[in-house]
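First comes the structure, then the notes that go with it.
Predicted model, so just to flag it, every value in this text is computed and none were measured. Residue numbers count from 1 along this sequence.
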Amino acid sequence: MKHKILFVCLGNICRSPAAEAIMRSLSVKEGRIGIEIDSAGTYAGHTGELPDPRMRRAAAARGIEMTHRARQIREEDFELFDRIVVMDDSNYERVSRLPPDRAALGKVYRFVGFCTHHPQWSYVPDPYYEGREGFELVLDILEDGCRGLLAELDTRE
């Protein structure tokens, strides 16, 4: 079964492109070819930009390459993707206003719902105004949640 997943954060330069890259890396390592992955932001101000250099460095240190170019989420993403996975409540509220119908709202999930080792977090924190430790924490949370999401996809096949 083919799965199509869109990760969403505010600017699409830190959390969501990192989740996309981590999910892609894990999928390749596990031989999962039936997963299409992308990311987007609720804010269009960074459209066309590469991810934040600090996030790219932190991810590269873990062997994860980030090459995504930022884009804004669109209404048609609700037709293209099975799951739209948001990083925090603000993203959830903004994304929840976009679906073409109420049924499409069922495609929106909170990322932390897939985490198993970070239950203390009710959202994925934005590391943009944080130091190196903030980026490392976010990558830890994203790796945890991506593994949890892959495990859930396995139970649905």
Side-chain angles (χ1 to χ4, degrees), residues 1-44 46-52 55-56 58-60 62-119 121-126 138-157:
M1 176 178 198
K2 181 125 178 136
H3 299 283
K4 297 179 179 184
I5 302 165
L6 179 68
F7 293 105
V8 179
C9 69
L10 176 62
N12 194 215
I13 60 168
C14 290
R15 296 171 291 173
S16 59
E20 173 191 351
I22 289 166
M23 189 68 148
R24 184 168 285 116
S25 176
L26 290 173
S27 298
V28 168
K29 286 178 186 172
E30 295 183 14
R32 306 286 303 269
I33 57 172
I35 301 176
E36 184 178 315
I37 308 154
D38 195 4
S39 64
T42 59
Y43 166 71
H46 295 290
T47 299
E49 293 179 19
L50 283 169
D52 185 288
M55 183 59 86
R56 288 196 325 256
R62 297 177 185 219
I64 299 164
E65 183 181 10
M66 296 177 64
T67 59
H68 175 83
R69 294 284 180 166
R71 72 174 185 87
Q72 187 173 26
I73 187 171
R74 304 176 293 261
E75 183 178 317
E76 56 264 25
D77 287 326
F78 284 88
E79 295 172 26
L80 298 172
F81 294 93
D82 305 315
R83 291 177 185 244
I84 298 176
V85 183
V86 300
M87 300 295 146
D88 61 35
D89 288 341
S90 176
N91 304 145
Y92 187 87
E93 293 301 322
R94 288 185 175 135
V95 169
S96 295
R97 292 185 217 131
L98 296 175
D101 55 53
R102 285 197 104 30
L105 187 56
K107 294 181 174 190
V108 182
Y109 297 82
R110 286 176 170 84
F111 186 90
V112 293
F114 301 106
C115 291
T116 58
H117 300 323
H118 294 85
W121 290 96
S122 60
Y123 62 95
V124 180
D126 189 343
V138 167
L139 287 171
D140 289 344
I141 294 169
L142 294 176
E143 286 181 359
D144 178 18
C146 285
R147 288 181 197 285
L149 178 52
L150 275 174
E152 183 173 305
L153 295 177
D154 286 341
T155 65
R156 294 180 180 244
E157 291 181 353

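Side-chain atoms of H46 and D52 form no donor-acceptor pair, as typed in the model, at a separation below 3.5 Å.
In this structure, E93 does not pair ionically with R97, as no charged nitrogen and carboxylate oxygen lie closer than 4.0 Å. D89 and R110 are joined by a salt bridge, as a carboxylate oxygen and a charged side-chain nitrogen come within less than 4.0 angstrom of each other. Looking at D88 and R94, no side-chain N of the basic residue comes within less than 4.0 Å of a carboxylate O on the acidic one, giving no salt bridge.
The side-chain heavy atoms of K107 and F81, taken from C-beta on, include no pair separated by under 4.5 Å. Counting heavy atoms from C-beta on, the side chains of D126 and C9 never come closer than 4.5 Å. For the pair D77/V8, no side-chain contact is recorded, criterion being any heavy-atom separation below 4.5 Å from C-beta on. Within the 4.5 Å cutoff, side-chain heavy atoms of R69 are placed close to those of L50. Here the side chains of D82 and K2 are not in contact, with every heavy-atom distance at 4.5 Å or above. Between E30 and I35 there is no side-chain heavy-atom pair separated by less than 4.5 Å. L142 has its side chain within reach of M87: a pair of non-hydrogen atoms, C-beta onward, lies under 4.5 Å apart.
Screening I64, V138, L26 for a side-chain contact (heavy atoms from CB on, under 4.5 Å) involving E143 leaves a single residue, I64.
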Step by step, would you call R62 with D140 a side chain to side chain contact (heavy atoms under 4.5 Å, CB included)?
-> CA-CA 10 Å; R62 297 177 185 219; D140 289 344; 2.8 Å; yes

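Atom CZ in F111 sits 12.5 Å away from atom CG in N91 (nearest 0.5 Å).
At distances below 3.5 Å, not a single donor-acceptor pair connects side-chain atoms of D38 with backbone N or O atoms of L6.
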